[in-house]
J.: 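Attaching a single structure in structure tokens format; questions to follow.
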Amino acid sequence: MFLALNELIKEKSRFALITAVIILVSYLVFFLLALAYGLATSYTKAVDTWDADSIVLNQNANGTIGRSIITQKNTSLLNADGSATDTAAPLGVGTATIEKDGSEDIALFGIDPTSFLAPTPIEGRSIQNEHEIIVSNELSSIGIKLNDTITLQGDDTSYIVVGITDNASFQAAPVLYMSLKDWRTAASATSGMIGMRDDTSINAIVLKEGRAVDAPLEAQSIKDFIYTLPGYQAQVLTFSLMIGFLIGIAAFVLAIFIYILTLQKKEIFGVLKAEGVPNHYIASSVIIQVAILSIGGLIIGMGLALLTGTLLAGKVPFAVNPVFFAGISFLFLACAALGALASVRSVTKIDPVEAIG
Amino acid sequence: MSKQHDVILEMKNVTRTFTQAGQKINALKKTDFTIKAGEMVAVIGPSGSGKTTFLTIAGGLQNPTHGTVIIRGKNITKLSQKQLSATRLNEVGFILQASNLVPFLTVEKQLKLLDKVYRRPTDTKGMTTLFKTLQIEKNRTKYPSDLSGGERQRAAIAKVLYGNSNLILADEPTASLDTTRAFEVISLLAKETHERKKATIIVTHDERLLKYCDAVYEMHDGELKKRKK
Ligand SMILES: Nc1ncnc2c1ncn2[C@@H]1O[C@H](COP(=O)(O)OP(=O)(O)OP(=O)(O)O)[C@@H](O)[C@H]1O
Ligand SMILES: [Mg+2]
């Protein structure tokens, strides 16, 4: 402790530089991580709130929800009138463009408003009547608020916003929830395929509990479903690789830094060893320094990343996953410890005779 | 100090050979040597004659090829690295040509480091007395890089005297000093050696310093001989 602290005091500027590097590197890593995680969750946030086990699609859709069509005669998973049971809920999806102060592409979710797929509004109420919708709070950026009346491009129907919900995005687009009946009209109108309307068709059935289903339907776990969303896998993989390499290289640089720092002091340590100062005393001094530098740098870097995330809130998809943050902190510290261990090894290997001779 | 440890260092039949590129170098030929508490002796000799080898064996930094080294009654030739390190810590103090001060510690903290390693409280009074005697009181809070060569050597002496070491080994401690400073440092060392009953061995090239020593040894090709007064 004595040696470690006194050196930090004497060599303030040198250690400040090294800490700065650690801070910047961890800042970069944490910030990118939160961005990548934010982007990934914006693909799936709405799906995550279902807390469901699996999703049933038509076999022929090859796992693509937009291509999956399920009609009443295909299934007995739902009630006879097509409404949701406690564990199975119908879902229609689509895309549309909403217009207010600006226009924004959204994901259309047709649901049974009494099913577990119905969003919990953070403002307003749930859907009770025809032409009532609940929208993602992200749409406030184009001025949509509670009790507004909106239309969708290509659809003449007016909808009234009765509720606002959060955590509602799908494939990076904010979600607009409506009843299945409205959805059938809206989806066919906005895609210009009114002739396709069928009073019973939906895209998928979401299951709370895993269950075997008969052809032509096919169940898929939610995890697999998310993974096969177009673009999701490529994006997650790209970011994972990028961040993985970044962390690997950063941690390696950190370890080398610490090792070089110790090598520079080889002569001093040699003299101390000649004087009979035990190895463990010198080693613990090295370890304490590494701990102070890496933990301090890590915490400041993380703090900066969180601060940046708060400042940029709403402008970038910034999301913190505590598990990932903790994991990366751990990896970082482990690499620093590795550098420290290599240093300690080199300390024990110093021959004190060389310091004197 | 107990009577039986009046002899601080005893070397019996000590030799040291190095093998380099298949050739044997007898760096230290058969050597017998004894030094008592309160004595300061000098070892002089040409470059490469084996002075540093002698000193490092005496201080438990390397083992002799043959023979025994006994510090205050304890044979140190059979000790493990760890035990040797502990012996050096408790018995031996080194003063080197290039200062052996830690560059990032102030003079005062060089001494405090010893307290930390020994896990003992700081003897502030003893420290102040030492600094006064060695005339480096005003340099207490300076770093080694801000000291003159003489001040640095005196700080190194303060460090050695502040430790427990009974055996002080100095390898050309005055090489970086001018004559006046060298005389000052050596006479100080002689005085402290006598008063504190230490045993001091100084390796030097400088004949003029020998008058401060109780005995002079000459090293030639690994052979140590006492010079007649
Ligand atoms: N580790 C070693 N390996 C091989 N030879 C060595 C080693 N250490 C010392 N020697 C040899 O032993 C001899 C004595 O060396 P030593 O360092 O004791 O000389 P010295 O009297 O201290 O010389 P100087 O006055 O130049 O410091 C030299 O010939 C040297 O080359
Ligand atoms: Mg020498």
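Just so you know, these numbers use all the heavy atoms, side chains as well, and skip hydrogens, waters and symmetry mates. Each chain gets a letter, A, B and so on, in the order the sequences are listed, and its residues count up from 1.
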J.: Check the surroundings of atom NE2 in B:His66: do more than 12 heavy atoms from other residues, nucleotides or ligands lie under 6.0 Å from it?
T.: no

J.: Tell me whether the rings of A:Tyr232 and A:Tyr227 are parallel (<30°), tilted (30 to 60°) or perpendicular (>60°).
T.: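 Answer is perpendicular, since the angle exceeds 60°.
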
J.: Please classify the contact of A:Leu272 with chain B as side chain, backbone, both or neither, using a heavy-atom distance under 4.5 Å.
T.: side chain

J.: Taking all non-hydrogen atoms of both residues into account, name the closest pair between B:Thr77 and B:Gly67 and its distance.
T.: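 For B:Thr77 and B:Gly67, the tightest heavy-atom pair comes out as CG2-O, 3.7 Å.
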
J.: Evaluate whether atom CZ of B:Arg140 has more than 12 neighbouring non-hydrogen atoms of other residues, nucleotides or ligands under 6.0 angstrom away.
T.: yes

J.: Looking at B:Gln62, B:Glu91, B:Lys159, B:Lys109, which one has more heavy-atom pairs under 4.5 Å with chain A than the rest?
T.: B:Lys109

J.: Where does B:Tyr143 contact chain A at under 4.5 Å (heavy atoms): side chain, backbone, both or neither?
T.: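 Interface part for B:Tyr143: side chain.
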
J.: Using a cut-off of under 4.5 Å for heavy-atom pairs, which of B:Leu96, B:Val102, B:Leu55, B:Leu113 has the most such pairs with chain A?
T.: B:Leu113

